[in-house]
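Please read these numbers as outputs of a predicted model, since none were measured by experiment.
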Amino acid sequence: MTSITSLEREQQREARRIKHRSWVTSYLMILPAMAFLVAFVIYPTISMAHMSLYYGNAKNPYKKWMALGNYSMRDDFWVALRNTAAYTGMALVLVMILSILFAQWMYKSRKLNNVAQTLFFTPHLVAGVSAGFIWSWLMSSQPYGLFNTVFNALGLPSVRWLDSTSTAMFSIVLMNTWKSVGYYCLIIMSAMKSIPTEIYESAKLDGSPAWKTFFKITIPMISPQLFFLLITITTGSFKVFDSVRIMTNGGPGDATRVLSMYIYDYAFQRNNTLGYACAAGIIMMAIMVLVTVFDFAFVEKKVHYQ
Amino acid sequence: MAEIVFDKVGKAFGDVKVIENLDLTIEDGKFTVLVGSSGCGKTTLLRMIAGIGPATSGHIYMDGKDITHQPPEKRDIAMVFQNYAIYPTMSVRENIEFGLKNKKVPKDERDRRIAEYAEIVGMTPYLDRKPSDLSGGQRQRIALARAMVKKPSVFLMDEPLSNLDAKLRAAMRVELIELQRRLGTTFVYVTHDQIEAMSMADTIVLMEKGKIQQIGSPEEIYHQPANVFSAQFIGTPPMNILELGDGIRYGVRPESIRMSPQRMDNMVLYRKGHVITREMLGAELQYKVRLSNGITIMVRSENERDDVEEDTDVWVMAPARHIHFFDADGKRLGHGGPQNLLDRLGGMNE
């Protein structure tokens with residue numbers, strides 16, 4: 001009798017040991033990711049929030065307690081916010097529409113499409129800074145500016161691209177669209193390919209015209225991927241920095257000064273405005289969180305998950 | 001109502017010819033089943049009728065009108081797909097309504113028809129649900145309602161029951177037969193399942209490798225198989241085919257064989273055998289028997305009096321009317337030939 005009980009007890013102990021061991025293994029496995037998250041996201045965020053309450057610079061961020069004084073934003077902040085919103089809006093619409101159109105076009109497997117896919121995707125592999133430089137040259141109003149040279153050769157007038165307040169932002173959007181559309185297009189295309197062909201055949205038998213099939217069947221069926229694009233493009237565009245820095249550095253005037261550049265300026269290019277820059281960063285983060293929450297609360301209802 | 005005629009129809013995918021020079025008439029108002037193993041071309045034929053996989057040669061006529069190159073929506077047909085092809089983002093009602101809206105059927109007429117056909121398939125309580133909330137059987141019913149609501153002249157069905165469990169499949173089989181009788185519409189039904197074919201069809205079209213092997217009623221196909229393929233395709237287990245010599249073969253269905261320790265009278269075929277296995281299948285018994293020449297055959301019996309034990313010696317016997325003869329090409333030898341063959345068979349008796 002006693003031997004059986006002790007055996008049972010031993011088995012229980014063994015089970016506990018195994019459970020404990022797997023618990024330890026799981027946490028060990030996510031430890032590297034957690035460590036990076038803490039070191040490079042959570043800790044900086046907290047310290048940014050802390051610094052936003054002080055007057056100081058990068059060498060000595062905590063010169064003077066300001067309480068919420070840094071959160072009364074200067075006028076140029078609203079310009080930067082408006083620019084960022086304009087950039088995000090244009091990028092979102094352009095990238096979404098082009099990704100869907102290109103995906104629809106490349107959906108059929110033809111030889112041409114394999115080539116086209118590669119061509120579309122390659123820009124995604126180019127470093128943002130390099131792409132910015134290349135496009136600065138392409139859009140340059142100097143004699144070596146390729147776009148204007150081609151325009152003039154076709155008898156079209158020159159465009160001032162990055163040199164005019166009215167076209168500079170759109171020019172940057174154009175560059176970033178070129179850079180990212182291949183990647184998003186690939187996501188949309190694989191979603192389209194997962195739609196069973198019978199559904200399209202059935203729609204044909206139901207006499208559905210092509211546009212109706214597209215809006216009533218294709219779009220709803222790729223809505224999870226479209227939602228993913230909405231979130232990633234919005235948050236990604238809100239943080240746009242390198243291309244703007246290279247192509248216009250915020251100019252002409254303040255026409256392309258976006259939030260991340262604004263924050264960078266106040267944090268590292270000016271005297272004793274680090275706290276203010278941190279406050280702007282916190283506000284930018286809050287806006288992104290709000291937009292994402294809005295997307296999940298309202299837009300996601302329209303998303304059809306399988 | 002519609003009769004469909006295939007006239008020297010061919011279909012090639014690239015260089016691969018799936019169907020060549022095929023002639024077939026599908027009768028108006030009948031339940032026609034295209035049956036064959038996978039890759040035999042039956043679905044290809046169905047898709048040609050639907051217009052979603054056009055023929056590469058020849059002509060297809062519907063009620064005398066050439067529809068070979070007509071787009072699917074102009075064909076007055078409806079199709080039920082194997083995976084149902086329900087629109088997953090639409091509610092049940094929207095699914096059924098979609099085709100009608102495209103045909104510009106007025107709203108009140110649409111509502112009336114949806115109500116009518118939802119009732120027929122028993123989906124009325126689910127009209128506002130999404131397909132993802134429904135079971136396989138219910139989705140199948142949506143697909144049926146979606147097809148029926150268009151009131152087509154021809155119903156096309158591509159293995160519509162193969163994704164259902166056995167019990168539901170049997171129930172739906174009966175419902176489909178009833179439905180066809182009620183609507184009186186031409187049904188063209190594709191399946192690889194010989195039991196479905198036998199139980200549902202007015203006419204069976206048996207296919208293999210893009211060629212039609214036999215067209216006939218279930219009775220004809222069962223009792224007068226045109227060839228060895230036909231004989232072995234229909235029936236479980238398949239017909240036993242044995243050599244008679246000179247390329248001639250004879251066949252006996254497992255259920256037509258009598259087996260007993262005693263030699264019975266009035267039989268034509270008498271062979272000695274040894275029972276290897278005995279399977280109890282409920283109403284039936286199934287045996288694997290080795291004949292004295294080493295060949296094994298299958299025997300099925302519904303008669304428990306005929307039951308024999310495993311590992312016993314028996315007489316394997318069959319009456320003349322259940323013995324089929326086939327020539328070297330596998331073609332069944334009709335009446336007139338068999339008497340001398342029966343004599344030859346008798347000569348080999350033990």
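- Residue B:Arg75: no heavy atom, backbone or side chain, is found under 4.5 Å from chain A.
- Of the two parts of B:Lys103, neither the backbone nor the side chain holds a non-hydrogen atom closer than 4.5 Å to a non-hydrogen atom of chain A.
- Smallest separation of non-hydrogen atoms from B:Pro72 and A:Leu205: CB-CD2, 3.6 Å.
- Side-chain contact between B:Tyr87 and A:Thr213 is absent, with no heavy atoms from C-beta onward closer than 4.5 Å.
- Side-chain atoms of A:Lys204 do not come within 3.5 Å of backbone N or O of B:Pro71 as any donor-acceptor pair.
- Rounding to the nearest 0.5 Å places CD of A:Glu198 at 8.5 Å from CD1 of B:Ile52.
- Within 6.0 Å of CZ on A:Phe36 lie no more than 12 heavy atoms contributed by other residues, nucleotides or ligands.
- Within a 6.0 Å radius of CE in A:Met285, other residues, nucleotides and ligands contribute more than 12 heavy atoms.
- Across every non-hydrogen atom of A:Met221 and B:Pro88, the tightest pair is CE-CG, 3.3 Å.
- By number of non-hydrogen pairs under 4.5 angstrom with chain B, the leading residue of A:Thr197, A:Ile199, A:Asp206, A:Ile195 is A:Asp206.
- By number of non-hydrogen pairs under 4.5 angstrom with chain A, the leading residue of B:Met79, B:Glu94, B:Arg47 is B:Arg47.
- The local environment of NZ in A:Lys193 is crowded, with over 12 non-hydrogen atoms from other residues, nucleotides or ligands closer than 6.0 Å.
- The nearest pair of heavy atoms linking B:Asn83 to A:Pro196 is ND2-CB, 4.4 Å.
- With a threshold of 4.5 angstrom between heavy atoms, A:Lys216 approaches chain B through its backbone and through its side chain.
- Heavy-atom contacts from other residues, nucleotides or ligands closer than 6.0 Å to CD of B:Glu116 number more than 12.
- The shortest side-chain heavy-atom distance between B:Arg146 and A:Ser202 falls under the 4.5 Å cut-off.
- Within a 6.0 Å sphere centred on NZ of B:Lys17, other residues, nucleotides and ligands contribute 12 heavy atoms or fewer.
- Within the 4.5 angstrom heavy-atom criterion, only backbone atoms of B:Ile86 (N, CA, C, O) approach chain A.
- Counting non-hydrogen atoms of other residues, nucleotides and ligands closer than 6.0 Å to OH of A:Tyr183 gives a total of 12 or fewer.
- Taking B:Lys74, B:Lys101, B:Lys150 one by one and counting their heavy-atom pairs under 4.5 Å with chain A, the maximum is reached by B:Lys150.
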